[in-house]
**Q** 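The structure follows.
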Amino acid sequence: MKEVEMNDVTLLSLVEVAELLGISRTTAAELVKELEVPRIKIGKTIRYPRGQLIATINDTARQYEELLPITDLI
């Protein structure tokens, strides 16, 4: 997977977050809330920085990997 830099300033709508992750809009909304993904409000519109979204997901995945090493699942 391509590494994404934290300075990636691409802003995504919730629908775009869902499409990027291959999940429903409702699941995406729950995920960004649960993971406390930073968001930017522009007028009435909310956008999520792509780089921070991916970094947050990667950090969370690493935490789970440390708790339960992948070799334990095989």
Side-chain angles (χ1 to χ4, degrees):
M1 177 188 285
K2 180 182 173 187
E3 277 294 315
V4 176
E5 295 182 24
M6 282 295 292
N7 61 2
D8 181 353
V9 293
T10 304
L11 300 177
L12 304 174
S13 68
L14 189 59
V15 170
E16 292 169 323
V17 169
E19 290 172 357
L20 176 69
L21 301 176
I23 57 178
S24 72
R25 183 184 176 280
T26 303
T27 302
E30 293 170 358
L31 181 69
V32 296
K33 183 177 180 180
E34 181 180 328
L35 295 180
E36 299 177 355
V37 175
R39 63 186 188 169
I40 298 171
K41 189 170 184 180
I42 305 169
K44 294 182 180 182
T45 305
I46 295 176
R47 295 288 185 251
Y48 301 90
R50 184 178 184 274
Q52 290 183 336
L53 169 72
I54 293 172
T56 300
I57 291 170
N58 285 338
D59 289 345
T60 302
R62 277 189 214 99
Q63 289 173 6
Y64 280 105
E65 195 173 276
E66 289 171 8
L67 291 174
L68 180 64
I70 197 75
T71 55
D72 291 350
L73 299 175
I74 299 173

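Nothing fancy with the numbering, it's 1 onward along the sequence. Just so you know, these numbers use all the heavy atoms, side chains as well, and skip hydrogens, waters and symmetry mates.
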**Q** How long is the gap from OG1 on Thr10 to CD1 on Ile54, to the nearest 0.5 Å?
**A**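 Rounded to the nearest 0.5 Å, the OG1-CD1 separation comes to 9.0 Å.
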**Q** State which residues pass side chain to side chain donor-acceptor pair (under 3.5 Å) with Ser24; sequence neighbours excluded, sorted by chain then number.
**A**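 Ser24: side chain to side chain donor-acceptor pair (under 3.5 Å) contacts with Thr27.
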**Q** What is the distance from atom CG of Leu53 to atom CZ of Arg47, rounded to the nearest 0.5 Å?
**A**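 One gets 13.5 Å once the value is rounded to the nearest 0.5 Å.
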**Q** What donor-acceptor contacts under 3.5 angstrom involve side-chain atoms of residues 31-45, with partners at least two apart or in another chain?
**A**
none

**Q** State, to 0.1 Å, how close Ala28 and Val17 come at their nearest heavy-atom pair, and which atoms those are.
**A**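 Taking Ala28 first and Val17 second, the nearest heavy atoms are CB-CG1, 4.2 Å.
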**Q** For Ser13, what residues pass the side chain to side chain donor-acceptor pair (under 3.5 Å) criterion, not counting sequence neighbours?
**A**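 By the side chain to side chain donor-acceptor pair (under 3.5 Å) rule, Ser13 matches Glu16.
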**Q** Can you confirm whether Leu11 sits close enough to Pro49 that some side-chain heavy atom of one is under 4.5 Å from a side-chain heavy atom of the other?
**A**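 Yes, close enough: below the 4.5 Å cut-off.
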